[in-house]
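Quick note on labels: first sequence line is chain A, next is B, and so on, each numbered from 1.
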2 protein chains.
Amino acid sequence: MNEATRNSSRVSGTTRIADMLRLLQDSLPVQRRVVRAGDVVYRLGQSFGCLHVVSSGFFKMVNLSDEGREQVVSLHFKGDWMGLDGIASGQYGCDAIALDTGEVWAIRYDTLIEAAVRKPALLTAMHGAMSRELRRDHDSMLAVCTLPADARVAGFLRYWADALDQRGLRTDQFTLRMTRAEIGNYLGMKQETVSRALSRLARGDVIRFTEQTRRDIHIPQAEALADFIRDVGTPSAPDEGAAALQGTRGASRSGIAAAT
Amino acid sequence: MNEATRNSSRVSGTTRIADMLRLLQDSLPVQRRVVRAGDVVYRLGQSFGCLHVVSSGFFKMVNLSDEGREQVVSLHFKGDWMGLDGIASGQYGCDAIALDTGEVWAIRYDTLIEAAVRKPALLTAMHGAMSRELRRDHDSMLAVCTLPADARVAGFLRYWADALDQRGLRTDQFTLRMTRAEIGNYLGMKQETVSRALSRLARGDVIRFTEQTRRDIHIPQAEALADFIRDVGTPSAPDEGAAALQGTRGASRSGIAAAT
DNA sequence: CGATCATTTGAGCACCTTCAACTTAAGTGG
DNA sequence: CCACTTAAGTTGAAGGTGCTCAAATGATCG
């Protein structure tokens, strides 16, 4: 996703999501459910029957291997759909866990399909959600496989800010709803590495910590974040945007070589 | 995906795919296209209009960042759908590249939706494809983020064998359609690491190379592959299945600890 | 049959992990 | 309100997995 796409989607994003929620509400019987942090919406292996749409709050999807390895594979915000990966097999493919208080709407899949004959917009909404999720998965893989740890954390913050942006919320300051361990799991690194990366970003003034909690992030300028991802992500880049981090880590790829 | 799921899907998998291709052929105008290795089916950013279904051959989907970082995000076999990630934005999200000679059927998305009113099975087919792709993406992330390099390569071979299995092809011996560099990119490692991992697997007799080409893989017993992934994937496991690799790498996690 | 690409293998190093200690935040019950 | 407990987060030191760099071999193709 490039810069232009991100910016243009702010206004249309909020209306798109609001319109979709209204459409669902008006066209289908929805089962509302209020959740609190840690609540389970559904579990991997449970019989699939409903799709779930986020009305408010934040959710994580956790994949689990046979041997017990865990992986946070996606995050879901207002307007996102959950459970799409259960359609084919008839069983949900992940655990869906609430990261904060919020509300989900459960929609029977078969009911949705029936109603879609009368209201094609329902299909468009669902297909759009699924298509966006595929795109997001692919962007995640790109980041996990091609970016060093610091840039991955920076990319995560940008992703979170973008998600808020598309929902009309303030993006220069927000509260992470996840522990360092959860973030690390999602990004394919350990919690200590996340902590160090955040400290380095703060030291370079790419981000700031507001409050003592260390979960409230302030982003002085979105440009600096984007620049940082670019510069650290491409080893051949000269030191311009990430120059502020000299001595901490930004110099390692070019500088240390001469020292050995 | 557990063992039972994999085995039960062999017979039903082949009929499912054959039935689906027949359904598409009989219900919709499909644009056939023959491709050869390296051919581009569509490119990232191109205007979305058609979904593409693999009639034969093998394909990779490549995601590209603004700065030029490349990532193979998925592989597609007979019966798989391509281009689903373009629905929401109206642009394809990846490059679709043929890995071998084959055939793809292009289907107009809007035509599909119209026809689905008469034939709901068309929707079921498309939703199933998308759901399976989401599941596969999540399994990829799990592997990339939680398995060491050797187990990731072993998991890749098992994935390829499973894909062939579901299509009724022989799974104890097959030809990889990708270079080491492509495999490495897909698995989040360098080509040298893939090469070393394959050499170690062969040294432990988990796989064998047939022919001189080093792309024809023989799997003496599928169990050994699965065991290997389990054993190397879980650090706490005692040395039983991967014992054959003593001295190469399998011992590092449990053996070296005592040496320090 | 020379040229190019793919693959293998070795040696050294860097990024990230592991292990550990410490600090801070958030409850809980007296 | 303050000990006490537990979980989350930070930071340092040391070590390992996988990367970089390099060279040699093997495969493929005009």
Atom-pair distance (CD on Glu192(A); P on dA8(D)), nearest Å: 13 Å

Side chains of Arg214(A) and Arg180(A) in contact at under 4.5 Å (non-hydrogen atoms): yes

First encountered from the 5' end of DNA chain C, between Thr213(A) and Gly188(A): Gly188(A)

Flag, side chain of Arg167(A) to backbone of Lys78(A), donor-acceptor distance under 3.5 Å: yes

Over 12 foreign heavy atoms within 6.0 Å of CZ, Arg36(B): no

Sugar-phosphate, base or nothing in reach of Arg196(A), heavy atoms under 4.0 Å: base

Distance, rounded to the nearest Å, where Leu198(B) contributes CG and dT8(C) contributes P: 6 Å

Spacing of Phe209(A) atom CZ relative to dT24(C) atom P, expressed in whole Å: 15 Å

Sugar-phosphate, base or nothing in reach of Ser199(A), heavy atoms under 4.0 Å: sugar-phosphate

Short side-chain N/O contact from Arg214(A) to OP1 or OP2 of dT10(D), under 4.0 Å: yes

4.5 Å side-chain heavy-atom contact, Arg215(A) and Thr179(A): yes

Spacing between Leu187(B) atom CG and dC19(D) atom P, to the nearest angstrom: 11 Å

d(CG, Leu201(A); P, dT11(D)) in whole Å: 13 Å

Aromatic ring pairing Tyr92(A)/Tyr42(A), orientation class (parallel under 30°, perpendicular over 60°, tilted between): parallel

Sugar-phosphate, base or nothing in reach of Thr179(B), heavy atoms under 4.0 Å: sugar-phosphate

Spacing between Leu176(B) atom CG and dA6(C) atom C1', to the nearest angstrom: 13 Å

Spacing between Gln191(B) atom CD and dC19(D) atom P, to the nearest angstrom: 11 Å

Between dT24(C) (C1') and Arg180(A) (CZ): distance, integer Å: 12 Å

Arg200(A) (side chain) and dT10(D) (base): donor-acceptor pair under 3.5 Å: no

